[in-house]
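Take a look at the structure below.
Count residues from 1 along the sequence. Quick caveat: nothing in here was measured; it's all calculated off a predicted structure.
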Amino acid sequence: MKAYGITDKGKVRKENQDCFLIETNIKNDFAVVVLCDGMGGAKAGSTASSMAAEAFMSHARDYFTSSSEERDINEMAADAANQANKKVYDRSISDFSCIGMGTTLVAAVVKNNRTVIVNIGDSRAYLLSGEKTKQITRDHSLVWELLRSGSITEEEAKNHPRKNIITRAVGVDSTVLCDVFAVDLNKSDIILLCSDGLSNIVGNEELLLAFKGKTSLEKGCGKLMDTALSRGASDNVTVAAIRR
C-alpha cells in the first residue's frame, strides 16, 4: 500500500488549521490516513485538528500493532473517532484559549482487503476507480441537508452563502455521531481525502484526471494542490491519497 498527502495554508489565510497524518505498516499489513480541518481562534483551530488526528491515529495504531482482540474494523474506526472527540472536547472545556474549538475528521483505514472510511463534518472521502469518481462521505453541513431535502439545487449549493456551516464537528460536544462506510478497494483504485478548501473549488472530474494513467500519488496530489492555488485558494487546502 502507498499513501501520500500535502497541505497548504492557501492564498488568503495566515495560518494552516488543517492537519493530516499517514501511517503504512507493511509488517501488520495496514494503512491509516486521517485528515482534519480545524475551526476556532487562531491557535484553537490548529490545536483541535492536530489533537484529533493524533488521537485517531494512536488508537488505530494500537489496535493493529498490540491488540489481541478481533474486533470489527468498523467498530475500531468509530472508537478512534470517539477518542478524538473526547480529547478535543476535554481540552476545550479545560483551557480558556481553546473554548469553542472543533474540527472535522475524515479517515481511511485499510487492512488486508478491507477498507473503512469514517467522517465527521464536511471534509470528504472519494473513491477514484477506473473512469469514475464517487463521493463516499456525506457532508454534515447545512447546505447538504438543504440539498437532500430538495430545498436547493446542486448548482445553488455550490455558491450558497451558508456553505461553510457544518452540523457535526469533533470536540464541540461531549459526544458526536460519526458515519462509517465499508468500501471495496480494488487494485489501482484510489481513496482520496480532502478538506473543503479543495472540494469547494475542484470538481469531481478534475480529481480523476489528476491521477489519470499511472500518475503517482505524489504527482496527482500535487496537481490538485496546484489547481486549487491557481484558483485563489481562499481556505486552507489539504489532500491525501491511498492506493493498494
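- Sorted by first and then second residue, the salt bridge (charged side-chain N to carboxylate O under 4.0 Å, His left out) pairs involving residues 31-40 (not counting sequence neighbours) form an empty list.
- For Arg61, the salt bridge (charged side-chain N to carboxylate O under 4.0 Å, His left out) partners two or more places apart in sequence, or in a different chain, are Glu23.
- By the ring pair (Phe, Tyr, Trp, His ring centres under 6.0 Å) test, Tyr126 pairs with no residue at all, sequence neighbours left out.
- Listed by first then second residue, pairs satisfying salt bridge (charged side-chain N to carboxylate O under 4.0 Å, His left out) with a partner in residues 198-218 read Glu206-Arg231, not counting sequence neighbours.
- Listed by first and then second residue, the ring pair (Phe, Tyr, Trp, His ring centres under 6.0 Å) pairs involving residues 193-236 amount to none (not counting sequence neighbours).
- Alongside Ile93, the hydrophobic cluster contains Tyr89 (criterion: ILVMFWY side chains under 4.5 Å).
- Residue pairs that meet the salt bridge (charged side-chain N to carboxylate O under 4.0 Å, His left out) test with at least one member in residues 166-177, sequence neighbours left out, are Arg168-Asp179.
- Applying the side chain to side chain contact (heavy atoms under 4.5 Å, CB included) test to Lys2 and every residue at least two apart in sequence or in another chain returns Leu217.
- For Lys11, the side chain to side chain contact (heavy atoms under 4.5 Å, CB included) partners at least two apart in sequence or on another chain are Leu229, Ala233.
- For Ala53, the side chain to side chain contact (heavy atoms under 4.5 Å, CB included) test picks out Cys19, Leu21, Val34, Cys36, with sequence neighbours left out.
- Here Ser234 pairs with Val12 under the side chain to side chain contact (heavy atoms under 4.5 Å, CB included) rule; sequence neighbours left out.
- Under a 4.5 Å side-chain heavy-atom cut-off, the cluster of Ile, Leu, Val, Met, Phe, Trp and Tyr residues that includes Val110 is completed by Met1, Phe20, Ile22, Val33, Leu35, Val106, Ile117, Leu127, Ile136, Phe181, Val183, Leu185, Ile191, Leu193, Ile242.
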